[in-house]
Amino acid sequence: MSEQHTLDGVNRIEYRPGLVGRFARILIPFLQRTLPSGLYRVTYDALYNGYKWTLRQSYLLRYAAAHVVGSREDKLRTSLTRKLLPYSMGGKKALENAFELTAKAERNNIPGSLVECGVAEGGTAAMIALTSRELGKTVRPKWFFDSYEGLPEPTAEDYEGGKVGNFIRPLPKGACLGTIEQVGELMFDTLKFPKDEVTLVKGWFQDTVPVKRDVVGQIAVLRLDGDWYESTKVPLENFYDNVSPGGYVIIDDYATCFGSRKAVDEFFAERNIKAPLFEDGRGGVWFEKPSL
Ligand SMILES: C[S@@+](CC[C@H](N)C(=O)[O-])C[C@H]1O[C@@H](n2cnc3c(N)ncnc32)[C@H](O)[C@@H]1O
């Protein structure tokens, strides 16, 4: 599924965009420089929506192929990815990675809840929840933390050389917005999860996560997707000890957001964690919590 790295500075994980990402990195700044701002926004949205539409159609083909030659998990992964792409900011690799690790947690009977900190419109949260519903033997509580007001401002810890990360577009306060109403509609109305199975916790992680740590209890899959230093550090410090040995921690922004990487590297050093990091193929990483 991915390359393995250790945090010894030798195998430093870097963000390596694919062909489309590399092309977008040239085209988008060019359009921003040359078009009036209103036209630029319309053009950007049209290109982004066109890309997402094309990608969704490609998943029809993948699903058809999986139907003929794939396993039950291949079929499920492709159909869920296609269904959830419109709700995802991380795209297909983030969705597929969330599927793989939740499926692994189910296969290995790792005890605990499913937790995401940084939900936006709910794409990866829904992937984790649906994968567990389809493949799990038991019903797991799902906890989805977000301000539901978009991103906070980055702090000084997020900056390296005047930049906060490797983005095509800047991420100002309020970016990546998904409201609690939108995510509630997805979880409860569209996907029909019972209200007592999925808890949406609204507020800044700094306020909500420490308060909910004991209520959440044991965790099988912890997905951190808050972009910034504080937004990675707070859930990691509060929830790491809740993660079951053999459970999975995913950090979506490790190679794309400088502060997220810093929070993880500092945490590994402080706690002397030796677990190898695996890449998700687009800048995110994951690791299995060691037993000791
Ligand atoms: C990149 S988006 C998450 C993408 C999402 N996982 C998906 O599947 O598309 C980052 C989210 O983290 C949330 N966030 C970041 N820092 C936060 C904080 N300190 N407290 C609460 N929410 C935060 C933002 O509101 C935003 O919804």
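- Checking side-chain atoms of R261 against main-chain N and O of I13 turns up a donor-acceptor pair under 3.5 Å.
- E181 CD to L186 CG: the interatomic distance, rounded to the nearest 0.5 Å, is 13.5 Å.
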task: Please lay out, stage by stage, how R282 and D252 fare under the test salt bridge (Lys or Arg N to Asp or Glu O under 4.0 Å).
output: CA-CA 9 Å; R282 52 168 274 284; D252 183 82; 2.9 Å; yes
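- Separation of atoms CE (M127) and CG (L101) is listed at 11.5 Å; rounding is to 0.5 Å.
- A distance-only check finds a donor-acceptor pair linking the side chain of Q182 to the backbone of T179 [under 3.5 Å].
- In this structure, K202 contributes its side chain and S147 its backbone to a donor-acceptor pair below 3.5 Å.
- Taken to the nearest 0.5 Å, the CG atom of N97 stands 11.5 Å off from the CZ atom of R77.
- Residues K212 and F145 are in side-chain contact: their nearest non-hydrogen atoms beyond the backbone lie under 4.5 Å apart.
- Linking ILVMFWY side-chain heavy atoms closer than 4.5 Å, directly or via other members, places Y240 and V216 in a single hydrophobic cluster.
- Put simply, L27 and L35 are part of the same group of oily side chains (I, L, V, M, F, W, Y) that touch within less than 4.5 Å, one to the next.
- Taking both residues in full, the closest heavy atoms of T131 and A103 are given as CG2-N, 3.8 Å, listed atom of the first, atom of the second, then distance.
- Two residues are said to be in side-chain contact when any heavy atoms from C-beta on lie closer than 4.5 Å; R82 and Y63 fail this criterion.
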message: Under the criterion side chain to side chain contact (heavy atoms under 4.5 Å, CB included), I'd like the reasoning laid out for E100 against D280: C-alpha separation, chi angles, the key distance, then a yes or no.
response: CA-CA 10 Å; E100 297 292 351; D280 74 354; over 6 Å; no
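- Side-chain atoms of S88 do not come within 3.5 Å of backbone N or O of L84 as any donor-acceptor pair.
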- prompt: Going through the checks in order, is the side chain to side chain contact (heavy atoms under 4.5 Å, CB included) test met by L151 and W228?
  reply: CA-CA 9 Å; L151 287 172; W228 304 142; 4.0 Å; yes
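- Remark: E134 CD to K75 NZ distance equals 12.5 Å, nearest 0.5 Å.
- When side chains are defined from C-beta on, R271 counts as touching D241, because their heavy atoms get closer than 4.5 Å.
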task: Might you work through the side chain to side chain contact (heavy atoms under 4.5 Å, CB included) test for L95 and T124, ending with a clear yes or no?
output: CA-CA 6 Å; L95 288 169; T124 41; 4.0 Å; yes
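- For the pair K262 and Y229, the cation-pi criterion (under 6.0 Å, within 45° of the ring axis) is fulfilled.
- The shortest non-hydrogen separation linking Y40 to I28 is OH-CG2, 3.3 Å.
- Under the 4.5 Å side-chain heavy-atom criterion for ILVMFWY residues, no single connected hydrophobic cluster contains both F258 and V285.
- Here the side chains of D227 and V164 are not in contact, with every heavy-atom distance at 4.5 Å or above.
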message: What verdict does the salt bridge (Lys or Arg N to Asp or Glu O under 4.0 Å) test give for R107 and E73, after you've listed the backbone C-alpha separation in whole Å, the side-chain angles of each residue and the deciding distance to 0.1 Å?
response: CA-CA 11 Å; R107 226 178 286 130; E73 284 197 12; 3.0 Å; yes
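- In this structure a side-chain-to-backbone donor-acceptor pair under 3.5 Å is present from K142 to R140.
- R22 places a side-chain heavy atom less than 4.5 Å from the side chain of L19.
- Scanning all heavy atoms of the two residues, the minimum distance from V183 to A120 falls at CG2-O, 3.1 Å.
- Note that CG of L80 and CG of L130 are 5.5 Å apart. Values are rounded to the nearest 0.5 Å.
- Side-chain contact between K274 and N272 is present, with at least one heavy-atom pair separated by less than 4.5 Å.
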task: Start with the C-alpha gap between L85 and K52, add the side-chain angles, then the distance that decides, and say whether side chain to side chain contact (heavy atoms under 4.5 Å, CB included) holds.
output: CA-CA 7 Å; L85 270 169; K52 277 199 151 180; 5.6 Å; no
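- Looking at T81 and F99, their side chains never come closer than 4.5 Å, going by heavy atoms from C-beta outward.
- By the criterion of side-chain heavy atoms lying less than 4.5 angstrom apart, applied directly or through intervening Ile, Leu, Val, Met, Phe, Trp or Tyr residues, L224 is grouped together with W143 in one hydrophobic cluster.
- For the ring pair (Phe, Tyr, Trp, His ring centres under 6.0 Å) test, residues two or more places apart in sequence or in another chain that qualify with F287 are F268.
- At a threshold of 4.5 Å between non-hydrogen side-chain atoms, the residues T199 and V215 do not count as touching.
- Although no hydrogens or angles enter the test, the distance criterion places no donor-acceptor pair under 3.5 Å between the side chain of N238 and the main chain of V209.
- Taking CG of L236 as the start and CG of L222 as the end, the distance is 7.5 Å to the nearest 0.5 Å.
- Scored by the side-chain hydrogen bond (donor to acceptor under 3.5 Å, both in side chains) test, Y59 finds R62, E96 as partners (sequence neighbours excluded).
- The two residues T102 and I128 make their nearest non-hydrogen contact at CG2-O, 3.5 Å.
- Under a cut-off of 6.0 angstrom, the local environment of NZ in K83 is sparse, with at most 12 non-hydrogen atoms contributed by other residues, nucleotides or ligands.
- Linking ILVMFWY side-chain heavy atoms closer than 4.5 Å, directly or via other members, places I251 and V234 in a single hydrophobic cluster.
- Residues W286 and E279 approach most closely at NE1-O, 4.3 Å, considering heavy atoms.
- Both the sub-6.0 Å distance and the 45° axial angle are not jointly satisfied by K233 relative to the ring of F267.
- Between F205 and P210, the shortest heavy-atom distance links the atoms O-CD, 3.3 Å.
- Residues V69 make up the rest of the hydrophobic cluster containing V68, defined by ILVMFWY side-chain heavy atoms closer than 4.5 Å, directly or through other members.
- K137 and N109 form a side-chain donor-acceptor contact under 3.5 Å, judged by distance and modelled atom types alone.
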